[in-house]
Amino acid sequence: MRQAHAEDARTEARRVVRNLLGEERPTAEILIGDVRPVLGDERTDRTLELALGAQLTRRSAELAAIAALLVGTREVGESWWSTPRGGKLPAPDEVVRTAVAIEPWTDLTALEMLAAWVSDDAADQMWGAPVAQVDLNSWQAEDRFDLPPGVKPGQRLVVHFDAGGRLDAVVARRADEELGSNLDFQSLRYSRPAEAQWSWGVAAGLGPHRLPGESPDPYAREVPAEAVDILRTWAMRHGASPEQLGERWVTVGDVVAAIERVDWMWRSGEWFGWWRGASALVDDSAYLPYRLEELASG
């Protein structure tokens with residue numbers, strides 16, 4: 001059942017990508033070809049440098065952020081890149097040059113931060129600036145923020161909950177005659193750049209995503225047989241099929257493709273340990289022996 005949900009998500013992601021980018025099954029090559037005439041050669045080359053610098057298990061996320069920047073630039077205009085954001089925030093072009101994420105986005109990469117910026121700016125352009133921010137980890141609908149002055153019963157206010165994510169809060173008069181608000185969860189929506197980021201990552205998957213200028217090919221690196229045996233045996237024992245795992249794992253590319261096919265995120269929680277081990281193998285991490293030991297002890 002959970003794997004069926006994974007395929008449903010991919011089907012929806014391919015539909016959204018087709019609507020936004022014209023491609024149902026996106027690839028890095030197609031994305032770069034679409035990005036270059038919109039962002040220009042210099043920006044495109046620099047964003048690709050940033051993607052090349054990421055771990056292979058993060059490459060899909062970096063390319064998804066580039067997809068958001070492509071759609072976002074089409075939405076807000078090319079001048080967005082050179083316009084300072086006010087206060088201590090630089091223009092997006094400076095972020096591309098320095099590759100430094102800024103508070104409060106330091107948990108994101110530079111490309112992910114830029115994707116969040118353009119997603120929010122496109123949302124503001126489409127629905128207006130939000131009056132407040134809410135955390136949807138709580139689904140309490142009533143009175144989640146202080147109302148701005150001058151509002152009236154029945155008025156709909158735009159509220160921010162995620163990068164590019166918006167929903168409406170409806171002003172209501174309470175029994176004590178005070179005004180409050182009710183979140184309208186049916187109005188939840190995302191801007192087009194945010195939709196592009198999610199859908200590209202899901203539809204394109206983990207990879208392999210080979211990029212121009214890579215030599216040697218990082219996906220061609222051979223992987224140690226002992227680690228392969230541990231990971232494949234564990235996966236088979238916990239429900240992965242031979243078709244999902246593939247005939248053999250010789251190279252990093254083989255492992256990446258298998259990680260994508262097994263849909264580990266849609267399985268039981270113990271699969272997170274398998275992902276940690278498989279990703280350490282892909283990224284040639286010094287933590288690989290410890291990850292395999294954790295898997296064996298679990």
| said: Is the terminal nitrogen or CZ of R267 (NZ for Lys, CZ for Arg) located under 6.0 angstrom from the six-membered ring centre of W264 and within 45° of that ring's axis? | reply: no
| query | Is any side-chain heavy atom of M126 less than 4.5 Å from a side-chain heavy atom of E75? | reply | yes
| Charged N to carboxylate O under 4.0 angstrom, D168 versus R189? | yes
| request: For A101, check side chain to side chain contact (heavy atoms under 4.5 Å, CB included) against everything at least two apart and list the hits. | output: M113
| message | Taking the side chain as everything from C-beta on, heavy atoms only, tell me whether Q155 gets closer than 4.5 Å to V170. | response | no
| query | Which residues satisfy the salt bridge (Lys or Arg N to Asp or Glu O under 4.0 Å) test with D124, sequence neighbours excluded? | reply | R166
| field | NZ/NE/NH1/NH2 to OD/OE distance under 4.0 Å, E62 and R59 | value | no
| query | How would you list, by chain and number, every residue that makes a side chain to side chain donor-acceptor pair (under 3.5 Å) with E222, sequence neighbours excluded? | reply | none
List the atom pairs, donor and acceptor, that lie under 3.5 Å between side-chain atoms in residues 86-100 and the rest of the protein, sequence neighbours left out.
from : atom 1 : to  : atom 2 : distance (Å)
D93  : OD1    : R43 : NE     : 2.6
D93  : OD2    : R43 : NH2    : 3.1
T98  : OG1    : E94 : O      : 3.0

| said: Starting from V250 and following side-chain heavy-atom contacts under 4.5 Å between hydrophobic residues (I, L, V, M, F, W, Y), which residues can be reached? | reply: none
| request: Quick one: which residue pairs count as a ring-ring contact (aromatic ring centres under 6.0 Å, His included) with a foot in residues 112-152, not counting sequence neighbours? | output: W105-W117, W139-F185
| message | Test of understanding: with salt bridge (Lys or Arg N to Asp or Glu O under 4.0 Å), list the residues that count as partners of R14, not counting sequence neighbours. | response | E7
| message | If the condition is salt bridge (Lys or Arg N to Asp or Glu O under 4.0 Å), which residues does E23 pass it with, not counting sequence neighbours? | response | none
| field | Non-neighbouring partners of A172 that pass side chain to side chain contact (heavy atoms under 4.5 Å, CB included), sequence neighbours left out | value | R174, N182
| said: I need the full list of ring-ring contact (aromatic ring centres under 6.0 Å, His included) pairs touching residues 186-232, with sequence neighbours left out, sorted by first then second residue. | reply: F161-Y190, W200-H209
| Residues, nucleotides or ligands: over 12 heavy atoms within 6.0 Å of E42 CD | no
| Contacts of R261 that satisfy side chain to side chain donor-acceptor pair (under 3.5 Å) - sequence neighbours left out | none
| note | Hits for salt bridge (Lys or Arg N to Asp or Glu O under 4.0 Å) against R144, two or more places apart or cross-chain, chain-then-number order -> none
| task | Say whether S268 and E270, considering side chains only, have a donor N or O and an acceptor N or O under 3.5 Å apart. | result | yes
